[in-house]
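Quick notes on the structure that follows.
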Amino acid sequence: MRVKVFHVLQQIHKKKVCYLFLAPFFTLFFLFTVLPVLSAMGLSLTYYNVFELPVFIGLENYIRLFFYDDIFIKAFLNTLTMAMVIGPVGFLASFILAWMLTELNRGIRTALVVMLYAPSISGNLFLVWSLIFHGDAHGYLNSILLNMGFIEQPIQWTTNTRYMMGVVILVSLWMSLGTSFLSFIAGLQGIDLNQIEAGLIDGVRNRWQELWYIILPSMKPQLLFGSVMSITSAFSVGAVGAALCGEPSVDYAVHTIINHLNDHGFTRYEMGYACAISTILFFMMVTSNKLIHKVLRKVGT
Amino acid sequence: MSVLSDRSRFARSTFGNILNFLVLLLVAAFMVIPMIYTISNAFKPFNELFIFPPRLLVMNPTFDNFLGINSILRQSWIPLTRYVLNSVVVTGVGVLGQIIFASLAGFVLSKEIFPGRDFLNKIVVFSLMFSGNVTAIPNYIIFTKLGIINTHLSLILPAFCNSLGLFLMKQFIDQMVPESLLEAARIDGAGEFRIYLNVVMPLCKPAWLTLLIFSFQSLWSTAGGTYIYDEQLRTLPSALTTMIYGGIARAGVSAAVALLLVIPPTLTFILSQSNVLQTMASSGMKE
């Protein structure tokens, strides 16, 4: 045992320059990523309002969330609904569009990539959708529909609970061709042509077989990476609803866990309660990532 | 000029090709409609914004909206230049720091063997699985304790330790920097830092250009939100938000601000998209 510890210390000493290279990144990483996750878990068991010291209250925050906070339940279900649409649809759309792009010639492909990826570049441009979905006749969509005679009254897209969820999902999907999309394009371009020829000899008969037996298996690393990116962003919807439908939205129709988190944390300074929400969000994201990884491992096998 | 490259394996029918292209074009159109709407609104004179039914394209383009930005902002005592300056500082420092920190750590994580390496690699990949929303509240508390709340540091420092940046950097070095080259440099007597600066960094140009683009995109669109409450410390996106809430009456001016926000990151992406794709080729995860 002592010999082993000594050996490790010796190794560390020999490689001390490595730790010097790692120090800047990982000091901040532990401070702003690891510590926050751990302290959220810790503080979620307390009552804490920033001004006084935290008071330990056990699982009370979680009990309140799941049994007494109707708005949280609504936010929880809304988040699940959105994630279950935006995650898979965004992921599949990223892959299918990337696949459709592969055989186009270079110039046209580049132009299309830029256009498809544009919403992800422009971050805040989703605010423009609030003008498009504006509730009166001057809203762009309303005016088109009125003009074409599809509707007689302008539709309150962002305050009528029938449409709000759809609007938020649509705008989120608009932004869903992000990092995973780029990763898929790059992965598809890097596929070994020899492998495709070998498949041809082995009896691959059409594009669909080629996709399933050759392309998908060799894209597995990119698919895993893409799924992580898609899942994480699918659970992160909050700003879109807040910007388009207001915060809180009518009848909490598009209220998500993130809106609830901001409300309790930054507006009411109930930090312990907000940390409990953060912790739940953390486990939702990590669990769904692990689950999807299990599924994706089976692709093409 | 044919639309197809010579890479086509299974020839699709002509009909299939046309359909494929049409679908792509349709989706692309959906993606850029808000962009076109913004561009044309930014150049619309005041009276054109109120035409019914509204038109997508501008008829008599004018620069009035761009001039209007400053006069609207002057009422709130903060000139546009102040927002732009804040954005430039936050973005510039944040991007630079991220590239340097991520490449230093990525190089060592990829090419050296030392106690703790597997643990650090695992924890970085794990951290990709949750978003910054999870850490937002505890970070607020940490920033307060550190005394950097309501300063630009609260936006810049977290950008320095972006785990996606480190992940992409490390993956790229794994695949693109050959061991033999580092060995040769060591035999020539180069120290670790020299190797980093003269061998690794030049070879990783696509990777750090990619980090530049990604961090530029995210920092340039950061409004500061809850971490910054002094109006004169806020960034350009928060000026945009203020204007957009002015409704249709300010649609022209807010579109002009939106353009200022969108053009720089879009241009940098177009210019270096081939580097980005080269980097993303090594982005795959090994379970």
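The chains referred to below are lettered A, B, ... by the order of the sequence lines, with proteins before strands, and numbering in each begins at 1.
- Atom CG of Leu224(A) and atom CE of Met285(B) lie 7.5 Å apart (nearest 0.5 Å).
- Listed options Thr222(B), Leu168(B), Leu261(B), Asn162(B) were ranked by heavy-atom pairs under 4.5 angstrom with chain A; first place goes to Asn162(B).
- Looking at Ser236(A) and Ser131(B), their side chains do bring a donor and an acceptor atom within 3.5 Å of each other.
- The candidate from Ser288(A), Gly187(A), Ala243(A), Gly226(A) with the greatest count of non-hydrogen atom pairs under 4.5 Å with chain B is Ala243(A).
- Both the backbone and the side chain of Glu192(B) come within contact range of chain A, judged by heavy atoms closer than 4.5 Å.
- When the candidates Gly265(A), Ser227(A), Ala137(A) are compared by the number of heavy-atom contacts under 4.5 Å with chain B, Ala137(A) comes out ahead.
- Per-residue counts of heavy-atom pairs under 4.5 Å with chain A were compared for Gly132(B), Pro115(B), Gly284(B); the largest is that of Pro115(B).
- For the pair Phe21(B)/Met100(A), no side-chain contact is recorded, criterion being any heavy-atom separation below 4.5 Å from C-beta on.
- Looking at Ile141(B), only its side chain comes within 4.5 Å of chain A, counting heavy atoms on both sides.
- Taken from CG in Leu24(B) to CG in Leu116(A), the straight-line distance is 6.5 Å, to the nearest 0.5 Å.
- Both the backbone and the side chain of Val286(A) come within contact range of chain B, judged by heavy atoms closer than 4.5 Å.
- Applying the side chain to side chain donor-acceptor pair (under 3.5 Å) definition to pairs two or more places apart or across chains, those involving residues 14-28 of chain A are Lys15(A)-Glu112(B).
- Heavy-atom pairs under 4.5 Å with chain A were tallied for Leu109(B), Ile113(B), Asn133(B), Thr266(B); the largest tally goes to Asn133(B).
- Tyr48(A) pairs by the ring-ring contact (aromatic ring centres under 6.0 Å, His included) definition with nothing, not counting sequence neighbours.
- Leu97(A) touches chain B through backbone and side chain together, each having a heavy atom under 4.5 Å away.
- Each of Trp174(A), Tyr117(A), Phe26(A), Phe30(A) has some count of heavy-atom pairs under 4.5 Å with chain B, and the biggest count is that of Trp174(A).
- Only the side chain of Leu112(A) comes within less than 4.5 Å of a heavy atom of chain B; its backbone N, CA, C and O stay farther away.
- Comparing Ala105(B), Gly97(B), Ser282(B) by how many heavy-atom pairs each has under 4.5 Å with chain A, the most go to Ala105(B).
- Side-chain contact between Leu131(A) and Tyr37(B): present, with at least one pair of heavy atoms (C-beta onward) separated by less than 4.5 Å.
- Contact count versus chain B (heavy atoms, under 4.5 Å) is highest, among Leu35(A), Ile280(A), Thr110(A), for Thr110(A).
- Ranked by heavy-atom pairs under 4.5 Å with chain B, the first of Met284(A), His264(A), Met229(A) is Met229(A).
- Here Met31(B) contributes atom CE and Leu173(A) contributes atom CG; the two are 8.5 Å apart, rounded to the nearest 0.5 Å.
- Aromatic ring pairs are classed by plane angle as parallel below 30°, tilted from 30° to 60° and perpendicular above 60°; the pair Phe32(A) and Phe143(B) is tilted.
- Between Phe160(B) and Pro24(A) there is no side-chain heavy-atom pair separated by less than 4.5 Å.
- A distance of 7.0 Å separates CG in Asn139(B) from OG1 in Thr33(A), rounded to the nearest 0.5 Å.
- Leu164(B) touches chain A through its side chain: at least one heavy atom from C-beta onward sits under 4.5 Å away, while N, CA, C and O do not.
- With a 4.5 Å cut-off on non-hydrogen atoms, Ser120(A) touches chain B through its backbone but not through its side chain.
- The minimum heavy-atom distance between Pro34(B) and Val128(A), with the atom names listed, is O-CG1, 3.9 Å.
- Heavy atoms closer than 4.5 Å to chain A are found in the side chain of Ile142(B), but not in its backbone.
- Using a 4.5 Å cut-off between heavy atoms, Val134(B) touches chain A through backbone and side chain atoms alike.
- A distance of 5.5 Å separates CZ in Phe167(B) from CZ in Phe225(A), rounded to the nearest 0.5 Å.
- Taking the six-membered ring where tryptophan is involved, the planes of Phe193(B) and Phe21(A) are perpendicular, since the angle between them exceeds 60° and thus also 30°.
- Proximity to chain A is absent for every atom of Thr279(B), based on heavy atoms less than 4.5 angstrom apart.
- Taking the six-membered ring where the residue is Trp, the centroids of Tyr140(B) and Phe266(A) are separated by under 6.0 Å.
- Contact count versus chain B (heavy atoms, under 4.5 Å) is highest, among Ser233(A), Pro119(A), Ser130(A), for Pro119(A).
- Heavy atoms of Ala23(A) lying under 4.5 Å from chain B are absent altogether.
- You'll find the side chain of Leu22(A) stays beyond 4.5 Å of the side chain of Phe107(B), heavy atoms only.
- A side-chain donor from one of Ser183(A) and Ser283(B) sits under 3.5 Å from a side-chain acceptor of the other.
- Annotation for Gln222(A) and Ala281(B): closest pair NE2-O, 3.0 Å, computed over non-hydrogen atoms.
- Only the side chain of Thr226(B) comes within contact range of chain A, judged by heavy atoms closer than 4.5 Å.
- Using a 4.5 Å cut-off between heavy atoms, Val276(B) touches chain A through its side chain atoms alone.
- At a 4.5 Å heavy-atom cutoff, the contact between Leu31(A) and chain B is made by backbone and side-chain atoms alike.
- Heavy atoms of Phe283(A) lying under 4.5 Å from chain B are absent altogether.
- The shortest heavy-atom contact between Phe29(A) and Ser163(B) is CE1-CB, 3.9 Å.
- With chain A as the partner, the residue from Val125(B), Leu277(B), Leu25(B) showing the most heavy-atom pairs under 4.5 Å is Leu277(B).
- The choice from Val32(B), Leu120(B), Val27(B) that makes the most heavy-atom pairs within less than 4.5 Å of chain A is Leu120(B).
- Both the backbone and the side chain of Leu182(A) come within less than 4.5 Å of a heavy atom of chain B.
- For Ala111(A), no part lies under 4.5 angstrom from a heavy atom of chain B.
- Summarising the geometry, atom CG belonging to Asn289(A) is positioned 9.0 Å from atom CG belonging to Leu128(B); distances are rounded to the nearest 0.5 Å.
- The aromatic rings of Phe30(B) and Trp129(A) sit tilted relative to each other, their planes meeting at an angle between 30° and 60°.
- In this structure, the ring of Phe130(B) has its center no less than 6.0 angstrom from the ring center of Phe235(A).
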